[in-house]
Amino acid sequence: MFIEFIEWLGSTIDAIINSPFRGIILAIVTIVTLLILKAVLGYFVKRYVYQHAQLETNAQNFMAVWGYIWTAIIAIFGIISLSGSLKTLGISAGFLGMVLGWSLQAPVTGIAAWLMLILKRPFKIGDRVIIAGITGDVMDITLTHVILNQVGGTVSSEERSGRGILIPNAILFGQTITNYTLEEEYILVEVPVRITFESNWAEAEQILVSAAQEVTADVIKEVGEEPFIRAELFDAGVMMRLRYKTRPVDRAKSLSDIVKIIFHQFSESDSVEFCYAHSEVIYSWKDSSTLPQNTSVLPLGTAVRSQD
């Protein structure tokens, strides 16, 4: 039975090749084959795109482009097939692919980058990212562009400026992308505070940590991580670095609220002082040899000590 089918298929192919209508037959076979291929691939592509696209509109636009491309391919190859030559069909397919690849390089790369975004998901709508040196919150991901609400730009802090930035998808393959919340919803923020050597360390630490606890109480409750201090010495005092977790969009506000509390608490304290560049005037009648090395004696026993 199988041998008979092979013999029938061979005779049919010979008849088609020798037929005066082989161009029309080849065109019909080519069109039917491409239509079947389009239907099979389209089913899986549509299913995948609609499941992973973050907006249904983007999925609809992609499937529309998919349909246009296949329609053009089927029409072109159908016309070429009328020549009746498989060799001509093969050469034309290679030449067409080369021309399309060269002329549509940027659009094709952009759509490929969009597919990469929905496949790998390096970021999603609502994430705060840095792309090509631009910081912003992702507002939309289209087939051709990533749309950001710029953070900074017109202001110095990390707050939304309201300016829309369109970044072409085609450049994403060659850019480093920073996502503030790729794996975690919160980021670590630091508030550096300089205090004098004479300040009460324990009280200063308590003020800083309490300020962060008051401002980020909801975050602490959710993540279970308390604010903490990392300190280091410098030539004029102690650098106390208050570190706490917050949402990226709340970074500027939380930092401002914490600084306000710290300032008022330090102002009310008698044992904690900010360290800042200033000069102290000391009135003393002591022998100049007993004064500190960085103290200079002025007329009438007046001494000036500088502190950076």
Side-chain angles (χ1 to χ4, degrees), residues 34 37-77 93-155 157-187 247-249 251:
L34 291 176
L37 185 61
K38 175 190 174 184
V40 173
L41 293 178
Y43 171 79
F44 293 103
V45 170
K46 182 177 180 180
R47 182 178 178 182
Y48 179 85
V49 168
Y50 272 87
Q51 285 179 348
H52 294 82
Q54 300 185 35
L55 291 176
E56 185 176 349
T57 304
N58 290 334
Q60 293 173 349
N61 292 337
F62 177 81
M63 293 309 301
V65 173
W66 172 272
Y68 296 147
I69 292 175
W70 271 102
T71 300
I73 290 175
I74 292 173
I76 292 172
F77 280 98
F95 179 74
L96 179 63
M98 181 183 66
V99 172
L100 290 177
W102 177 77
S103 60
L104 301 177
Q105 182 177 3
V108 170
T109 303
I111 294 177
W114 180 79
L115 290 173
M116 180 271 291
L117 291 178
I118 68 172
L119 176 64
K120 297 295 184 180
R121 288 185 177 271
F123 55 82
K124 61 184 183 298
I125 294 175
D127 285 354
R128 178 160 294 184
V129 298
I130 303 176
I131 303 175
I134 300 173
T135 304
D137 295 332
V138 180
M139 305 301 293
D140 194 7
I141 303 174
T142 69
L143 291 182
T144 56
H145 291 82
V146 175
I147 303 175
L148 302 181
N149 184 346
Q150 187 184 29
V151 172
T154 59
V155 294
S157 64
E158 287 197 355
E159 291 186 294
R160 295 177 179 176
S161 67
R163 298 196 303 182
I165 304 294
L166 278 68
I167 298 180
N169 290 345
I171 73 171
L172 295 180
F173 287 113
Q175 293 291 329
T176 298
I177 301 174
T178 301
N179 188 340
Y180 281 60
T181 55
L182 180 61
E183 296 182 353
E184 297 183 12
E185 184 180 352
Y186 305 95
I187 60 172
R247 300 175 184 86
V249 295
R251 177 180 180 179

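Atom set for the values below is all heavy atoms of this structure, side chains included, hydrogens, waters and symmetry mates excluded. Note that this is a predicted model, so its numbers are computed, not measured.
- With values rounded to the nearest 0.5 angstrom, Asn179 atom CG is found 11.5 Å from Glu184 atom CD.
- Across all their heavy atoms, Leu117 and Pro122 have their closest contact at CD2-CG, 3.6 Å.
- The line from CG of Asp127 to CE of Met139 is 12.5 Å long, rounded to the nearest 0.5 Å.
- In the displayed structure, Phe173 atom CZ is contacted under 6.0 Å by more than 12 heavy atoms of other residues, nucleotides or ligands.
- Across every non-hydrogen atom of Thr142 and Asn169, the tightest pair is O-ND2, 2.9 Å.
- The only option from Leu182, Val129, Thr178 that meets the side-chain contact (heavy atoms from CB on, under 4.5 Å) definition with Phe123 turns out to be Val129.
- Rounding to the nearest 0.5 Å gives a distance of 4.0 Å between CG of Asp137 and CZ of Arg160.
- For the atom pair Thr181 OG1 and Lys124 NZ, the distance stands at 5.5 Å (nearest 0.5 Å).
- In this structure, Pro168 and Leu166 approach most closely via the heavy-atom pair CD-O, 3.8 Å.
- What you find for Ile165 and Gln150 is that their closest heavy atoms are CG1-CB, 3.8 Å.
- The closest donor-acceptor contact from the side chain of Arg128 to the backbone of Gly136 lies at 3.5 Å or more, if one exists at all.
- For the pair Ile177/Ile130, no side-chain contact is recorded, criterion being any heavy-atom separation below 4.5 Å from C-beta on.
- The shortest distance between side-chain heavy atoms of Trp114 and Leu172 does not fall below 4.5 Å.
- For Val146 against Ile131, the heavy-atom pair with the smallest separation is CG1-CD1, 4.5 Å.
- In plain terms, the two heavy atoms of Ser161 and Asn149 that are nearest each other are N-OD1, 4.3 Å.
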